Student: 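I have a structure I would like to understand better, so I am pasting it below and will then ask my questions one at a time.
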Amino acid sequence: VSRSIFKARKCESFSINVLDETRRSYLMADLDVLCSADDDKYRELDLIFWSFFVLWPVLVPLTFLVLLLSLRPAVRAQRISPLANACRFLWRDYDADFIF
C-alpha cells in the first residue's frame, strides 16, 4: 500500500515539440494530469498524497502501538479481554512471557 501512495507523485517527461525541445511532465498513474502546480487535478492529488503519506506509514504503526500498550495487561495476565481477542493478530505469535 505504501508503494502505491508514491505513484501519486511519479511523473514522466515527454517531448511535445522536437524543434525547440519543449517538454511536459505527466503523472504516470494518470497521463491526463499535467505535473504542474497550475493544474487543479495535480494540486488535488498532491494534497491527497501528503494526507496519505502521514496517515498510512506514520499513524498506522502508532495505532498498533497504542493498541498493544492498552491490551498488554490482559495478555500478560492471560485473561483475554474482548479488545485483546480482536487484536490477536498483533500478538498471537508471541509467548505471553515475552510480550513487551
Side-chain angles (χ1 to χ4, degrees):
V1 174
S2 295
R3 200 180 288 176
S4 63
I5 292 170
F6 288 97
K7 287 183 181 177
R9 301 277 301 171
K10 190 173 183 180
C11 297
E12 186 168 341
S13 179
F14 295 96
S15 177
I16 60 168
N17 190 337
V18 179
L19 298 176
D20 64 2
E21 298 181 7
T22 307
R23 300 182 72 79
R24 283 198 185 144
S25 295
Y26 291 93
L27 193 65
M28 289 298 298
D30 183 358
L31 293 175
D32 290 332
V33 178
L34 182 65
C35 291
S36 168
D38 298 332
D39 189 279
D40 291 335
K41 284 185 182 179
Y42 185 74
R43 279 199 317 264
E44 182 181 334
L45 286 172
D46 197 44
L47 177 65
I48 292 169
F49 165 79
W50 285 109
S51 300
F52 278 104
F53 181 79
V54 170
L55 288 175
W56 186 259
V58 176
L59 292 181
V60 169
L62 287 177
T63 301
F64 286 168
L65 176 64
V66 168
L67 282 171
L68 283 170
L69 292 175
S70 67
L71 58 89
R72 174 174 47 181
V75 173
R76 291 187 86 185
Q78 296 182 353
R79 287 188 302 258
I80 307 304
S81 66
L83 176 62
N85 193 37
C87 298
R88 187 176 290 269
F89 69 96
L90 291 173
W91 59 268
R92 73 172 163 233
D93 294 333
Y94 298 97
D95 187 356
D97 295 335
F98 297 106
I99 299 263
F100 42 96

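The chain is numbered in sequence order, starting from 1. These numbers come from a predicted model, not from an experiment.
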Student: Looking only at heavy atoms, which two atoms of S13 and R23 are closest? And how far apart?
Tutor: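 Taking S13 first and R23 second, the nearest heavy atoms are OG-NE, 2.9 Å.
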Student: Under a 4.5 Å cut-off applied to non-hydrogen side-chain atoms, are R9 and Y42 in contact?
Tutor: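 R9 reaches Y42 side chain to side chain.
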Student: My understanding is that only residues two or more places apart in sequence, or in another chain, count here; which of them pass ring pair (Phe, Tyr, Trp, His ring centres under 6.0 Å) with F14?
Tutor: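 Once residues adjacent in sequence are excluded, F14 has no partner under the ring pair (Phe, Tyr, Trp, His ring centres under 6.0 Å) criterion.
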Student: Would you call D46 and R43 a salt bridge, taking side-chain N to carboxylate O under 4.0 Å as the test?
Tutor: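 Salt bridge absent between D46 and R43.
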Student: Any chain of hydrophobic side-chain contacts (each under 4.5 Å) joining L47 to W56?
Tutor: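 Hydrophobic grouping puts L47 apart from W56.
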Student: Indicate if V60 and I48 have the same hydrophobic cluster label, given that clusters are the connected sets of ILVMFWY residues with side-chain heavy-atom separations under 4.5 angstrom.
Tutor: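 Same hydrophobic cluster.
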Student: Report whether L90 and V66 are members of the same hydrophobic cluster (ILVMFWY, side-chain heavy atoms less than 4.5 Å apart, transitive linking).
Tutor: no
Student: Is the CZ atom of F52 crowded by more than 12 outside heavy atoms at less than 6.0 Å?
Tutor: no
Student: Rounded to the nearest 0.5 Å, how far apart are CG of D32 and NZ of K41?
Tutor: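 Reported value, rounded in 0.5 Å steps: 5.5 Å.
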Student: Under 4.5 Å between any side-chain heavy atoms of L34 and Y26, yes or no?
Tutor: yes
Student: Hey, what do you get for OG1 (T63) to CG (L68), rounding to the nearest 0.5 Å?
Tutor: 11.0 Å
Student: Working to the nearest 0.5 angstrom, can you tell me the gap between L71 CG and L83 CG?
Tutor: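 Going from CG on L71 over to CG on L83, the span is 5.5 Å.
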Student: Once rounded to the nearest 0.5 Å, what's the spacing between atom CG of L31 and atom OG of S25?
Tutor: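 It is 11.5 Å, given to the nearest 0.5 Å.
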Student: Got a sec, which hydrophobics cluster with V58, joining ILVMFWY side chains under 4.5 Å apart, including via others?
Tutor: L55, L59, L62
Student: Considering non-hydrogen atoms only, spot the tightest contact between L19 and N17 and give its length.
Tutor: N-OD1, 3.0 Å
